[in-house]
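In listed order, ligands and their atoms are each counted from 1. Hydrogens, waters and symmetry mates play no part in the numbers below; they use all other heavy atoms, side chains included.
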Amino acid sequence: MTITRRNLLTYGAASAVALPALAMSGRAHAQKAQYTLKYANNLPLSHPMNIRAKEMAVAIAAETNGRVDLQIFPSGQLGSDTDTLAQVRSGGVEFFTLSGLILATLVPAASITGIGFAFDDYDAVWKALDGELGAHVRKEIEKANLVVMEKIWDNGFRQITSSSKPIVNADDLKAFKIRVPVSPLWTSMFKALGAAPTSINFGEVYTALQTKVVDGQENPMAIVSTAKFNEVQKFCSLTNHMWDGFWFLANKKAWEKLPPDVRAIVAKHINAAGMKQRADVAELNATLQKELASKGMVFNEAKPDSFRARLREAGFYSEWKAKFGEEAWAILERSTKKMA
Ligand code: X2X
């Protein structure tokens, strides 16, 4: 394998050696901080998540007079999502942003926000996530002994990309080899749609697409662009099949070790950065089509009704309603619309 910068970023962690030179910190000088906190995420440096996190680290250092040094480890440098979830539980890292659907391997209730076609637009998403549905999920996350910040960060509405063909309706997904994140809901949904999903951690997706281990993947446009999937995918089908966001998680012991005033400053800046990140991602997801098309990607509209009908026929909604339970499902439907 040729070692490119991409491979280095992607696979640096595979050797279990972090790349501290690539960590970003908010502190301007080297005087020792009282609290050094590691924040890990899986996204490229150029994604709004890391741009806003960098600003947030600077603001936290400033407001705590240098007492807190928040170090950012992007691009899955500290390990895959699955590994990093274990580390934020054990205290190996202090902070981690993770999709609720992957977090569901630990907190099953957290995948309820990713039910196919639950949200029609961002207004519906934020009303639910900043409201009753978000509060329900955060309560379940806390039961698993993790701390979670109030504002979920955005990933976006997901679109399907492919190297072989445009996906217009559910029939186009038949036996389609598609990468999905490591998450029971994702696998279940693409199986119900008739596809052949394979669970792969994000850090390995570019190579899996390049070597045709899978024919496609699904992610919001901001990720297709910042992870450069357009280099290895020809088609992008605007399916908007689900919305996804990142809960900002903290290790409980490390969080409780911070004095209350420091905790308040850190939480305030994380939540504020999350709000700015939401605006950035929405903007990117709305405008990137033109840029990606100019680089050769071919876009098509999809037929959401055909996907919804297939999910209903396959019993997807009733199966997950039974798994989440009547009470949680009622919260989802109050936050969005009736689905099962
Ligand atoms: O793994 C993915 O596809 C990503 C980056 O969207 C998530 O973190 C769920």
query = Is a salt bridge present between R308 and D305, judged by a nitrogen-to-oxygen distance below 4.0 Å?
reply = yes
Item to complete: Tell me, please, whether W320 has K323 positioned over its six-membered ring: NZ or CZ under 6.0 Å from the ring centre and within 45 degrees of its axis?
Response: yes
I'd like to know if D171 pairs up with R310 as an ion pair, taking the criterion as any Lys NZ or Arg NE/NH1/NH2 lying under 4.0 Å from an Asp or Glu carboxylate oxygen. yes
Can you say whether the rings of F190 and H241 are parallel (under 30°), tilted (30 to 60°) or perpendicular (over 60°)? perpendicular
Under 4.0 Å from ligand 1, residues with heavy atoms, in chain and number order, are N42, L43, S99, I102, N155, R158, R179, P181, W186, F202, N219, I223, D244, F246
For the pair W126 and Y122, name the ring-plane relationship: parallel under 30°, tilted 30 to 60°, perpendicular over 60°. parallel
(message) Under 4.0 Å between a side-chain nitrogen and a carboxylate oxygen: does that hold for R138 and E150?
(response) no
